[in-house]
Structure formats: structure tokens, C-alpha cells
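By convention here, the first residue in the shown sequence is residue 1.
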Amino acid sequence: MTTLPAEQPLPRQPEAPEAHQARQVAESFGADPDRYDRTRPRYPDALVGQIAAASPGPDVLDVGSGTGIAARQFQAAGCQVFGVEPDARMADFARRTGVESEIAKFEDWDAAGRTFDLVIAGQAWHWVDPVLGAAKAAQVLRPGGRLAVFWYVFQPPADVAEAFSAVYRRVLPDTPLGRGIMPGLEAYSAFFTKAADGMRQAGAFGDSEQWRFDWDTQHTRDEWLAMVPTFGGHSLIPATQRDELLAGLGAAVDAVGGSFTTHYTAIVVTAAHARQ
């Protein structure tokens, strides 16, 4: 596991304007693929169903497929999914769960003549150059196929969010996380805009659309603490600080009764390949 020198600030979270260049943070997600796959939230069935229904066929390419979370959900919806993932640790995990995956950055990946009805990317498109990625998607999509990239953000209740922020300010005061926890929809809106602009600049797609999905999930103390190390850059925090962070976050959840309900919002940015 890569560790972060104590004097080096934690890499910026995905809301950074040039986040697709922050490879150290990107590579941190594979530090513990089993934990990542076990604890990360799943996408709502409505999101998977609407994207699958908009595809002209069942063949799906999952960009930044990770451990296969989204891929398995699309498989359950009747799709045949192939993954492209730059982290060998995550791709190996996905293969063990039944998701065929190749190890490569999407922009550099050799499709070897393969084409697909649908290209998806869940929580991953901000690591891809938005214009080059859209152009590559257009190359591997069949005429009339669709590109759909999506993210979710979460918002704990106000009192829990403030308690979490206080812990980050105390434990990691000199990092971006010390100025707040996970970014909300406003911060992520830059992702949505870049994705749509990339599709437009690639010159091979129709007008893009945004689809929104909302849901609530209850997290227990143990569930939340199990997920925290999978957040971007958290595996790079020195162990002593990470232990202190988890202890503080756990105490914050204990203070509200041992669990809390978090509101999630997912946004899909999607466009159909222009027929040729």
C-alpha cells in the first residue's frame, strides 16, 4: 500500500478541476478491493434500468470498472458487460466475481475491433480525459449506441455532517478534507459539465441529457467506518491519523444513536452516438 509522507498534503479529492490527472488518488482505490466492493453503495435499480432500456442492445463496456459493482448490476439487468480498468488489483477482483476485464487506461485501450451498444462509467469518468474519452467511446460504439457516465454524491444530516467536518478539521487540518467532507452536487456539477462538453467536442454524439435519481440509505456506525477508508485518498493517510479519524467519526455516529440516514443523489450524463 502506498503511504503518504507526513509533510505532504493529502491529494485533492475528485472535485479538483484537473482530477483526471491525480493518478495517486486514483490508484488508492485498489489498496483494498475487497473492502471497496463490500462497502461501497450500489446504484439504484431505476438508474441501471433506465440506462439499459435506452441502449439499443445488451453489449456493455464499463470504463473504470473497478471491482465490478456497476458491471454486476448491469449483468443482473440482462446485459453482457466487459470491463476496462487501469488498476490490476481491482480488475483481478472483478474477474473473480464474473466480470471479464482488461487492464488499461481507457484512452490507451486497444479494443481490437470490438464494438458495443453501450459505454458506461460509474464514479470513474473524472479520471478520464473528457474529450479523448468521449472520442474513444464513439470509436467503440455501434451506430446509435449510447455513452452514459454517472456519479452519486451523498449528504448526511446537517448535525452529522458538521460533526464529521469537525473531526476532519482536527485530524487533517492542513488538507482539503480539513475544510469539509465529501463534495455535494454543486461541487460535482463541474464533472457533469465536463462530461457533456466532452461529448459535444468529440463531434460524434447528439445532444446530451442529465437524468437524476434520489434515494436514502441508513448507515450504522460499523458500516460507515468500514466504507470511509475507500474514499478517495483515504488509504494514503498515515495509519496513526487514519485510526484517529475513524475513532472520531465513530464517536460522532455514536452521539446520534449509532446510525444515521444519508441522502444520495446520482446524476447520469448521457448522449446517443450519431448514426453514420
query = For the atom pair OG (S208) and CE (M199), what is the distance rounded to the nearest 0.5 Å?
reply = 6.5 Å

query = Is there a salt bridge (Lys or Arg N to Asp or Glu O under 4.0 Å) between D197 and K194 once you walk through the steps?
reply = CA-CA 5 Å; D197 287 347; K194 282 189 173 184; over 6 Å; no

request  = Measure across V99 and R72 and return the closest heavy-atom pair with its distance rounded to 0.1 Å.
outcome  = CG2-CG, 3.8 Å

ask   = Under a 4.0 Å N-O cut-off, is there an ion pair linking E85 with K105?
value = no

query = Any chance CG of D254 has more than 12 other-residue heavy atoms, nucleotides or ligands included, within less than 6.0 Å?
reply = yes

message = Ring-plane angle category for W109 and F116, please: parallel below 30°, perpendicular beyond 60°, tilted otherwise.
response = tilted

key: Nearest atoms (heavy-atom pairs only) where P173 meets R169   = CB-O, 3.1 Å

message = A side-chain contact here means heavy atoms from C-beta on lying under 4.5 Å apart; do W125 and V63 qualify?
response = yes

Contact check, side chains of I51 and I120, non-hydrogen atoms, under 4.5 Å = yes

Sub-4.5 Å side-chain heavy-atom contact between F213 and Q50 = yes

request  = Compare all side-chain heavy atoms of L245 with those of V171 and state whether any distance is below 4.5 angstrom.
outcome  = yes

inquiry  = Tell me if the aromatic rings of F154 and F231 count as close, with their centers under 6.0 Å from one another.
reply    = yes

task = Report the C-alpha distance between F150 and L47 in whole Å, list the side-chain angles of each, state the deciding distance to 0.1 Å, and finish with yes or no for side-chain contact (heavy atoms from CB on, under 4.5 Å).
result = CA-CA 9 Å; F150 44 94; L47 177 151; 4.2 Å; yes

ask   = Hey, any chance I103 and V140 share a hydrophobic cluster, counting ILVMFWY side chains that come within less than 4.5 Å of each other, even indirectly?
value = no

ask   = Short question: side chain of H273, backbone of A138 - any donor-acceptor pair under 3.5 Å?
value = yes

remark   = Taken to the nearest 0.5 Å, the spacing of R170 CZ from S165 OG works out to 12.0 Å

ask   = Could you go step by step and tell me if Q73 and R42 meet the side-chain contact (heavy atoms from CB on, under 4.5 Å) rule?
value = CA-CA 8 Å; Q73 290 190 256; R42 272 43 183 171; 3.5 Å; yes

ask   = Are the aromatic ring centres of W224 and F260 under 6.0 angstrom apart?
value = yes

request  = Treat each ILVMFWY residue as a node, draw an edge where side-chain heavy atoms are under 4.5 Å apart, and state whether V269 and V131 are in one component.
outcome  = no

message = Between V128 and H126, does the side-chain contact (heavy atoms from CB on, under 4.5 Å) criterion hold? Intermediate values first, please.
response = CA-CA 5 Å; V128 176; H126 51 282; over 6 Å; no

ask   = Are the side chain of Q123 and the backbone of Y152 linked by a donor-acceptor contact shorter than 3.5 Å?
value = yes

ask   = Can you name the nearest heavy-atom pair linking V48 to F74, along with the distance?
value = O-CE2, 3.8 Å

query = Salt bridge or not for R146 and D117, using N-O below 4.0 Å?
reply = no

task = Of all the heavy-atom pairs spanning A54 and W211, show the shortest one and how long it is.
result = CB-CH2, 3.9 Å

ask   = Does a salt bridge link K136 with D108, judged by any charged N lying under 4.0 Å from a carboxylate O?
value = no

message = I'd like to know if R89 pairs up with D92 as an ion pair, taking the criterion as any Lys NZ or Arg NE/NH1/NH2 lying under 4.0 Å from an Asp or Glu carboxylate oxygen.
response = no

key: Straight-line distance of D62 CG to C79 SG, nearest 0.5 Å   = 10.5 Å

request  = Answer yes or no: is there a side-chain heavy-atom contact under 4.5 Å between P229 and S235?
outcome  = no

key: Distance, nearest 0.5 Å, that separates NE2 of H234 from CG of L246   = 8.0 Å

ask   = Under a 4.5 Å side-chain heavy-atom rule over Ile, Leu, Val, Met, Phe, Trp and Tyr, are L132 and V84 clustered together?
value = no

inquiry  = Please determine whether residues V60 and V268 belong to a single hydrophobic cluster, defined as Ile, Leu, Val, Met, Phe, Trp and Tyr linked transitively by side-chain heavy-atom distances below 4.5 Å.
reply    = yes

request  = Please lay out, stage by stage, how T240 and E244 fare under the test side-chain contact (heavy atoms from CB on, under 4.5 Å).
outcome  = CA-CA 6 Å; T240 54; E244 184 179 358; over 6 Å; no

ask   = Does R200 make a cation-pi contact with F205 (under 6.0 Å, within 45 degrees of the axis)?
value = no

query = When the ring centroid of F192 is compared with that of W151, is the distance short of 6.0 Å?
reply = yes

inquiry  = Can you confirm whether the side chains of T265 and D214 place a donor and an acceptor under 3.5 Å from each other?
reply    = yes

ask   = Without hydrogens or angle criteria, can the side chains of R40 and T230 be said to hold a donor-acceptor pair below 3.5 Å?
value = yes

query = If you take all heavy atoms of T261 and D216, which pair is closest and at what distance?
reply = CG2-CB, 3.8 Å

inquiry  = With clusters defined by side-chain heavy atoms of hydrophobic residues (ILVMFWY) lying less than 4.5 Å apart, directly or transitively, does M90 cluster with F93?
reply    = no

ask   = So does E100 have more than 12 non-hydrogen atoms from other groups sitting under 6.0 Å from CD?
value = no

query = Hey, what do you get for OG (S259) to CZ (R221), rounding to the nearest 0.5 Å?
reply = 12.0 Å

task = Search all heavy atoms of D159 against all heavy atoms of V256 and return the closest pair with its distance.
result = OD2-CG1, 3.9 Å

ask   = So do the side chains of I267 and F191 get within less than 4.5 Å of each other, counting heavy atoms only?
value = no

message = Surrounding CD of E186 (heavy atoms of other residues, nucleotides or ligands, distance under 6.0 Å), is the total greater than 12?
response = no

inquiry  = Determine whether a donor-acceptor pair (N or O, by modelled atom type, separation under 3.5 Å) exists between the side chain of Q241 and the backbone of L172.
reply    = no

ask   = Could R96 and D37 be called an ion pair, given the rule that one side-chain N must be under 4.0 Å from one carboxylate O?
value = no

ask   = Do E223 and R38 pass the salt bridge (Lys or Arg N to Asp or Glu O under 4.0 Å) test, and can you show the C-alpha distance, the side-chain angles, and the key distance before you say yes or no?
value = CA-CA 10 Å; E223 289 168 347; R38 183 178 69 253; over 6 Å; no

Non-hydrogen side-chain atoms of M227 and P41 separated by less than 4.5 Å = yes

ask   = T97 side chain to A94 main-chain N or O, any donor-acceptor pair under 3.5 Å?
value = yes

Sidechain-backbone polar pair: T270 side chain, L147 backbone, donor-acceptor under 3.5 Å = yes

request  = State, without any angle test, whether R142 and T115 hold a side-chain donor-acceptor pair at a distance under 3.5 Å.
outcome  = yes

ask   = Rounded to the nearest 0.5 Å, how far apart are CD1 of I237 and CG of D243?
value = 10.5 Å

